[in-house]
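Order of the sequence lines sets the chain letters (A, B, ...), proteins ahead of strands, with each chain counted from 1.
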Amino acid sequence: MTPTLLGRWQTRLFLLSTVGAIVSTPFAFAIIGSGMTWGYYWVLLYVFLFGIAWDYLYNFLQQLMWDHDWPGLFQLASAIAEGLLLAGMIKFVGLPHIPQEFPLQWFALHYTLVWLASYLLSWVIMRLLFPHWRFRGGEWLGKW
Amino acid sequence: MRVQLSWEDPIAGEQQEIVCTVPIVLGRHPEKQLSDRQEQIFSQIKLSSQQVSRLHTIITYSGGQLLLEDRSANGTFVNGHKVLQSSCAISNGDTLQIGPYLIHLIVLSRSSSNIEVTNQPTIIDTSTVVERRNSSESSLFNEESFVLKPSYAERIQALSLPKAFSAHQVPLEELRAGVYLSNYEERDFVVVGGGIGSFTFVNTLRIAGVNLDRISVIGRGEPQPYGRYQLICRNSQIPDYERLRSGSDSCPDNIWGFPGYAIREAWRECFTKGRLDHSLKLLWMVFSEPALSDTYTPRSGDVFAAMEREAKRIGWYEIWRSGHVRAIRKTTDDRYVVAYLDPNSRTESPTYKYLVARYVYLSTGYTNVRFLDDLQEYRHRTGDTTAIVNAYENHEHVYDKLMKRGGIVILRGEGIVASRILQRLYEARKYHSQIKVIHLVRSEKTESNRFHLARRYRENGWEFQPFNWPKGTWGGDMRSRLETAGPAERAQLLRDWGGTTTANRRDWQRIVREGIQQLWYERVVGIVKQVDRDEIGRLEVCLQRRLAGSEEILKADFIIDATGLTAKPIEDPLLGDLVKFYNLPLNPLNGLHVTNSFELEKMRNGKGRMFAAGIMTLGGPYAPVDTFLGLQYVAQRAVAKLVQTRAKGVHSILGLRSFSQWLKWATNQRP
């Protein structure tokens, strides 16, 4: 699937609010991780908000390639960059609703699992629920 | 001073030749940069590409010399040398590259200046006119045998249509009065063409909820939807174990693209063959393509097997019938009537059968195979069909002989088939080292295609791309950009993105490099003047390396023409009739003009709707119209349109309906 800017935003929104929310639940309710906190859900929100800007950048970089494609490897690289920036922001700048003492190892695990689940399931649920998704550059909202 | 400029259209592939008087301006919109006075003097050639500046190049004549002045952003290449914002002298036989256009210049007359004044300047606009210099450069397929002979379709053209068909809307009562009951049927959907385009539509339609008894498919030859494609693949050296140039999730057997062929192959490798390493390698490929590994491509045999399973699942063989469609007309009751002949009918005098339907889907595919003039001429003149072959014919004898005795092969064409044939010749060299390949091309571009900041990869004259269009044209930003563009801009975009490319397979690039180093592969640029046989029966090719240059003779044992397939709706008997009878508009590349939902708007008949899919729509809202994924796209758009117009029993494939239909696919149950 070669995404468009709008498609990136829409897919990000869908996957974070479904797959992301499900993966975050055991963390938020202290089944895994550092204790009960809404912080994990706030992480998802920040991934989405920062993502709006990141996607702008990705969309520009995509134009530099002849095929206007965004291969899996690039998706991994961009996820790492986003994760590092977010961790840095939490640790050194501070983000509302996420305590600065938020344990980074649990953040890393949570973030990794969310990305992995979203990446793998984007191949499955997006396609099976929205057959037009892959032809519209990731835009699942709206019909033809 | 008059000159002749000739070029091959970068996307339509047609040879264009124009004669005009100097001074000449070439550009995307040269008229916008000229004063009224200048407009009366200059011949204008409008080249439609975004790589071309509005006013790109000026050709003038002064002091007994032709001068070229570049005024562009990207420069003009004169015989491969870049001229940017400066001037240079040019002469007879020079080649100019302007964006994707490669233009040959021939000086026709050096007459005195007073003739120049009397000559009218010419205005040529490539965004609206694609001149057909020579339409004989292709041969019609014979659908039954896939050899280049006049087909059944040509013969049936002689059979006249019933009188009722001369009306723009056929009165059905009148038609039925003169027809046997058994020769007249009604359906809701009639699909014309029995290939992969029709198959993806029927597949989507069935999944959208339409029952079998409402659909009929009229095909030619074998009932298998992949039959003709498979035969063309085999002839052009892609047997079932070789891989197609197609992506993992371009699955004509599965509208969702999940699981893709890579996952299915990885699964089989792991669980039925126990080869975990192969399996992981395939998964790594889809993850890291195209940066760290070659793009994953499926084995043709696996694709055909998957389509066979799906064809049985959706009941394709129950609704398929053999027939040559002769004509389609609107009816007086908001429907369409399709007249066809059954080639298997044993009756003495063939009679038409009729199918009447509310909705018609046209997907007849490629009609012609390109066969270069000089090669056809040789075959007609000598009757020898073994030394010069078309890549799409069965030509195993060429490899058999080469493996036994060696020899020189001239290869024409620069696409995927040429690559595959080169690979086959490379393999044949293991049996006989005295096999030499001369890769003969008409002209050589200096730069590969460019689009804004991106440029296509090129090596040793070949241009590489994973698939036949840039990937973003299937569903990315390039798709939406093309859809929202106007007709002229579409033609520009298609020329910038299109052109002949081959798959970016590392093994193929290595073969070319090796061939150049070991001197068994040579790329030769030139124009073939004549092909003959010498006294010992070898081919003699008279070649002109530069347009005005001297001629030389190349000796060869075989010539393989791999210049491709072509389809021009207007040349097709059925589509040509439709275009002429209903005066259907064509797009700037001579394809059928369709809406963004691939509807033929002018064929609308009350509630009746007609759609067109595949190569006949090239030049319209979508670039990769002749690909697996592209055909699925068109099917999806057409079905979405049917849902929108509330066609009876057609449901939107979305959400839970989509998911439950996928479960049926996965468990191999009827939709």
- [ ] Could you tell me which portion of B:N504 (side chain, backbone, both or neither) has an atom closer than 4.5 angstrom to a non-hydrogen atom of chain A?
- [x] neither
- [ ] Measure B:Q661 against the heavy atoms of chain A and call it side chain, backbone, both or neither at under 4.5 Å.
- [x] neither
Task: Aromatic contact, A:F102 with A:Y40 (centres under 6.0 Å) - done: yes
Open item on the list: For chain A, which candidate among B:A640, B:P259, B:S658, B:G472 shows the most heavy-atom pairs at distances under 4.5 Å?
Closed with: B:S658
Open item on the list: Any carboxylate oxygen within less than 4.0 angstrom of a Lys/Arg side-chain nitrogen, looking at B:R455 and B:E463?
Closed with: no
Open item on the list: Can you confirm if the NZ or CZ of B:R264 lies within 45° of the ring axis of B:W267 and under 6.0 Å from the centre of its six-membered ring?
Closed with: no
Open item on the list: I need the residue from B:L629, B:V286, B:T473 with the largest number of non-hydrogen atom pairs under 4.5 Å to chain A.
Closed with: B:L629
- [ ] Applying side chain to side chain donor-acceptor pair (under 3.5 Å) between B:T501 and each of B:R458, B:R245, B:E414, report the one that passes.
- [x] B:R245
Task: Segment of B:S652 engaging chain A (4.5 angstrom heavy-atom cut-off) - done: side chain
- [ ] Please determine, among B:Q465, B:H452, B:E289, the option with the most heavy-atom pairs under 4.5 Å with chain A.
- [x] B:Q465
Open item on the list: Only pairs of heavy atoms separated by less than 4.5 Å count here; which of B:M478, B:R456, B:R450 has the most with chain A?
Closed with: B:R456
Open item on the list: Quick check on the interface: out of A:M126, A:Q63, A:M1, who has the most heavy-atom pairs with chain B under 4.5 Å?
Closed with: A:Q63
Open item on the list: Quick check on B:N449 against chain A: is it the side chain, the backbone, both or neither that has a heavy atom closer than 4.5 Å?
Closed with: both
Open item on the list: Can you give me the closest heavy-atom contact between B:Y261 and B:C251, atom names plus distance?
Closed with: OH-CA, 3.5 Å
TODO: Could you tell me which non-hydrogen atom of B:G415 sits nearest to which non-hydrogen atom of B:T502, and how far apart they are?
DONE: O-OG1, 3.7 Å
Task: Heavy-atom pair count under 4.5 Å with chain A, highest-scoring of B:G475, B:S597, B:S480, B:G260 - done: B:G475
TODO: Could you tell me whether A:Y58 and A:W70 have their ring centroids closer than 6.0 angstrom?
DONE: yes
TODO: Between chain A and each of B:Y457, B:W474, B:F258, count heavy-atom pairs under 4.5 Å; write down the option with the most.
DONE: B:F258
Open item on the list: Looking at B:W497, I'd like to know if the NZ or CZ of B:R481 sits under 6.0 Å from its six-membered ring centre while staying within 45 degrees of the ring's axis.
Closed with: no
